[in-house]
There are 2 protein chains.
Amino acid sequence: MPVSNRLPSAQTAHRKLLFDAFLRGFAPNASLDETGSALHKLAQPICVGRGCTIPIDPAKDAFVYIGCGATKLIASASSGREQIVAFHFADDLMSVPAGACHSYGLCALVETEVLTFAADAFLETIAAEPLLINALLGRSLTALHRCRDKAVGLGRKNAQERLASFLVGMADRISSIETERCVLDLPMSRRDIGDSLGLTIETISRQFSELRLAGLIETTGRSRVTLCDPAALAERAGHV
Amino acid sequence: MPVSNRLPSAQTAHRKLLFDAFLRGFAPNASLDETGSALHKLAQPICVGRGCTIPIDPAKDAFVYIGCGATKLIASASSGREQIVAFHFADDLMSVPAGACHSYGLCALVETEVLTFAADAFLETIAAEPLLINALLGRSLTALHRCRDKAVGLGRKNAQERLASFLVGMADRISSIETERCVLDLPMSRRDIGDSLGLTIETISRQFSELRLAGLIETTGRSRVTLCDPAALAERAGHV
DNA sequence: CACATTCATTGATCTGAATCAAGGACTGGC
DNA sequence: GCCAGTCCTTGATTCAGATCAATGAATGTG
């Protein structure tokens, strides 16, 4: 398993680019002088390869900004069972909770660059900047909304509805949306999809086959999925 | 099914009490003059009986403050399947999303008094009050954290672990915490518990019986549950 | 206080997804 | 371009929880 690397301090220019992207993506209209440099001091830039865990103190809450790449947020129940709680992509800002009931870990799906922040210091720093808190609040509410929809799927949907729901949701996030057809390059494995949907890898594979047979999707290689009829797929997903 | 009632305008005093409780619970240290009265104008006080749905425009996001009582936030997948996404109790402030994938409804478990706010106007009003945004952010992050833990349960736990997890979680929220024994008065029915844990009413009942047989809980009537050994129960819940 | 109704419990059976097992297809490294 | 290793697919069987069915306990209403 490859290990994670902090960016060497020589790459100051690169670090600056990453931090600027964060500020731009996070609060484009704010003019932050002191706050900006305070955040810059807090930001821990980290670059990890595919399959690596992003080092985060499990005892403290953290915020993580994804500059580029993709990650999975994993929660571990006892006896090694893992549940993927969320996927995140470039320009996402997420909160990683310290483990109370379960322990959380953040893992890169592809080569990924992130900034990590200790949550307490981060919140303290932005406390006086309504634009920033509002932005963070918006992200949190979006995450909450997504998590609730996920709970509906995990609690009340069958395997096929879960996979259809997952594909439609991913299409919204990482594909150019076309009404007719829609091409997705999934950065996660079948196992990841299973761990996200509360299913096994075999069930995921079988449902891919069924959706393919039904003419709703086409697959190319391991990662490319074409949604032939997104509307019909959304219907199978049990969306209202 | 009983219908909900706005508080008659005659009960101005009562309304004021409710609103004051909201401000006190929400941002005890803030001195809000204009913002306070602006919020007061936005607040829609509603009082509903057991089993009633709290009227919320399904087309727009809302925030709801619970003055007293208890509620369930229900999401409906297609074909009438319902998933309870969260329970809320006195002094909670929650966000109710407009339905995108699924439609949400808020329903009272007991006689309940709430204040509802249109989300857009609410956010606009508090935008310049860091204390308030921070409070709202904190509540959102707590809700997100709870929802993630719920996702772990729904995705990766068996029936007994889910019920044990539920009981331990409820004990934290609505009971005086005693290390040895802990008495809970659950305001929700077996069906509600099932709809929250992604299980049927029969499975819930069987698991109650098993936990009772194992000496971990005692039940009195329909609603009272005594946790005889919270630590052992937490272990059965698969908590780390 | 008795009745009606809803709610909870228990049992028997069924089913969708898990598990066990084996073969086949990508992908990346040399 | 070949090979090794990983990832994916498909089939057979098992099992946890759903469903179907019936009885028994709470609640609250007249």
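Chain A is the first sequence line, chain B the second, and so forth, proteins listed ahead of strands; every chain is numbered from 1. As the structure is a prediction and not an experimental result, all values here were calculated from the model. Just so you know, these numbers use all the heavy atoms, side chains as well, and skip hydrogens, waters and symmetry mates.
Between A/Ser189 and D/dC7 there is no side-chain N or O to OP1 or OP2 distance below 4.0 Å. Distances shorter than 4.0 Å separate none of the side-chain N or O atoms of A/Arg191 from OP1 or OP2 on D/dC7. Neither OP1 nor OP2 of C/dA8 sits under 4.0 Å from any side-chain N or O of B/Ser205. In this structure, B/Ser209 reaches the C/dT10 phosphate: one of its side-chain N or O atoms is under 4.0 Å from OP1 or OP2. Of the side-chain N and O atoms in A/Thr203, none sit less than 4.0 angstrom from OP1 or OP2 of C/dA17. A close approach under 4.0 Å does not occur between any side-chain nitrogen or oxygen of B/Arg206 and OP1 or OP2 of D/dA18.
When all heavy atoms are compared, the tightest approach of A/Leu163 to A/Leu211 is CD2-CD1, 4.0 Å. The minimum heavy-atom distance linking B/Arg236 with B/Glu161 is given by the pair O-CG, 3.1 Å. Of all heavy-atom pairs spanning B/Arg224 and B/Asp185, the tightest one is NH2-OD2, 2.8 Å. The heavy-atom pair separating B/Leu154 from B/Arg162 by the smallest distance is O-NH2, 3.2 Å. Across all non-hydrogen atoms, the minimal contact from A/Tyr65 to A/Leu18 is CE2-O, 4.2 Å. Between A/Arg190 and A/Ile201 the shortest heavy-atom distance is CB-CG1, 3.9 Å.
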(message) Run B/Phe22 and B/Phe117 through ring-ring contact (aromatic ring centres under 6.0 Å, His included) and show every step you take.
(response) CA-CA 12 Å; B/Phe22 158 66; B/Phe117 300 87; 5.1 Å; yes
(message) One pair to check against side-chain hydrogen bond (donor to acceptor under 3.5 Å, both in side chains): A/Thr219 and A/Arg212. What are the steps and the verdict?
(response) CA-CA 8 Å; A/Thr219 56; A/Arg212 205 183 299 123; 3.0 Å; yes
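B/Arg212 comes within 4.0 angstrom of the backbone, heavy atoms only, and of no base. Looking at heavy-atom distances under 4.0 Å, B/Arg224 makes no contact with the nucleic acid at all. Using a 4.0 Å heavy-atom distance criterion, A/Gly198 is classed as a sugar-phosphate-only contact.
Near-neighbour residues of DNA chain C inside residues 147-161 of chain A, defined by a heavy atom below 4.0 Å, number-ordered: A/Asn158, A/Ala159.
Between B/Glu202 atom CD and C/dG11 atom C1' there is a gap of 11 Å when expressed in whole angstrom units. Atom C1' of nucleotide C/dG16 and atom CG of A/Leu163 are separated by 16 Å, given to the nearest angstrom. B/Arg190 places its CZ atom 19 Å from the P atom of D/dG24, with the value rounded to the nearest Å. In this structure, CZ of A/Arg162 is placed 12 Å from C1' of C/dA18, rounded to the nearest angstrom. Per the geometry, CG belonging to B/Leu213 stands 14 Å off C1' belonging to C/dT9, to the nearest Å. In this structure, B/Ile204 atom CD1 and C/dC7 atom C1' are separated by 14 Å, rounded to whole Å. Here C/dA8 presents its P atom at 12 Å from CE of B/Met188, a figure rounded to the nearest Å. Note: CG (A/Leu199) to P (D/dC8) measures 15 Å, nearest angstrom.
With no hydrogens or angles considered, a side-chain donor-acceptor pair links A/Asp149 and B/Tyr104 at under 3.5 Å. At a cut-off of 3.5 Å, with distance as the only test, no side-chain donor of B/Ser196 or B/Lys72 sits close to an acceptor on the other residue.
Across the interface with DNA chain C, nearest-nucleotide mapping of A/Thr200 and B/Thr219 shows B/Thr219 to be the residue nearer the 5′ end.
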(request) Take nucleotides 22-30 of chain C nucleotide by nucleotide from the 5' end and write B, S or -, depending on whether a protein heavy atom sits under 4.0 Å from the base, only from the sugar-phosphate, or from neither. (result) ---BBS---
